[in-house]
Amino acid sequence: MEAAADSASALATLNMLEERLHRIEFLLHGASNALGIPDSAPTQSAGDDAVSTRLANLENHLSRLASRNSIIQDVLDIYKHYPDLFVPAAETRPPSTQDISTITSIVLAHASSFSETVSCLMSVQELPLPPASASADLIAVQPRLERVQEVQAAQLREVSDLRARSARLVERWLEAGVVGQAETWAEWEERVRVVERGVRRMEFQREKQKV
C-alpha cells in the first residue's frame, strides 16, 4: 500500500516536471504543434514506464535545451555553484510535517480572503478601458501643456525678481525716509536748543544792563 502511494507520488512529480519543461521550452522558443505542445518537447511517457527512464529522458532533454539556450546554461551554472539560492526560505516552504486536519483548518481560516481576491480580480477585469480618442486627445494637448509650463516658469521668475526689487525699495525707503528723517529732526532739535540758549543769554544781558 505504501509502495503504491510512493510510486503514484513519483509519477505525479515526473508529470509535473515534464509539464514545466514543456512550458519553459515554449516560452524560450515559441514553436508548437497543432495541440499547443512545443515541436521539440518530449512526449509524456505512460504511467507504467520506469521512473529511472523518464528521469533520464528529462535530463537528456534539459541538456539539449541548455545547449541551445545560454540563459538555461547560466541558470544551471548558478545552481551548480550556489545551490542555496534556489532553496526557499523556511517561512515560504509548504508545511510538509502538518497533518491533513491542521492544513485544512489553515486553508479554511483564509477561505474568505480567497473570495475577496477573486472579487477584486473580477472587478479589475470589468473596468472599462478608456477610449483611444481620449488618449489621442491627451497626446495632442501635450505640447500645449509644455508651453503652459514654460510660461508659468517665466512668470515665477518674474515674480521672484519683483519680490527682490520690492525688498530693495523698502530697504531704501527705510534708510532714506524713516532713518534719514529721524536724523533730520534730531539735527533741527539741536539747532533749536542752540538758538534758545543764545536768546536766553541775550535777554539776560539786557536785563543786567537795565539794572
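Side chains are part of it too, since the values below use all heavy atoms of this structure and drop only hydrogens, waters and symmetry mates.
- Atoms CD and CZ, on Gln205 and Arg200 in that order, are 15.0 Å from each other to the nearest 0.5 Å.
- Neither Val192 nor Val194 shares a network with the other; the hydrophobic side chains, linked directly or stepwise wherever heavy atoms of I, L, V, M, F, W or Y lie under 4.5 Å apart, form separate groups for each.
- The 12-atom threshold is not exceeded at CE of Met122, counting heavy atoms of other residues, nucleotides or ligands nearer than 6.0 Å.
- Atom-to-atom distance recorded for Arg163:CZ and Glu158:CD is 12.0 Å, nearest 0.5 angstrom.
- Looking at residues two or more places apart in sequence or on another chain, you find a salt bridge (charged side-chain N to carboxylate O under 4.0 Å, His left out) between Glu190 and Arg193.
- The CG atom of Leu162 lies 10.5 Å from the CG atom of Leu169; values are rounded to the nearest 0.5 Å.
- Residues Glu18 and Asn15 are in side-chain contact: their nearest non-hydrogen atoms beyond the backbone lie under 4.5 Å apart.
- Note: Asn57 CG to Glu59 CD = 9.5 Å, rounded to the nearest 0.5 Å.
- Between the side chain of Ser160 and the backbone N or O of Leu156 there is no donor-acceptor pair closer than 3.5 Å.
- Counting heavy-atom neighbours within 6.0 Å of Gln152 CD, excluding the residue itself, gives a total of 12 or less.
- Under the 3.5 Å distance criterion, the side-chain polar atoms of Ser119 are left unmatched by any main-chain donor or acceptor of Glu116.
- With sequence neighbours left out, the salt bridge (charged side-chain N to carboxylate O under 4.0 Å, His left out) criterion links Arg147 to no other residue.
- The structure places CZ of Arg157 at 10.0 Å from CD of Gln155, a figure rounded to the nearest 0.5 Å.
- Within the 4.5 Å cutoff, the side chain of Leu138 has no heavy atoms near those of the Gln142 side chain.
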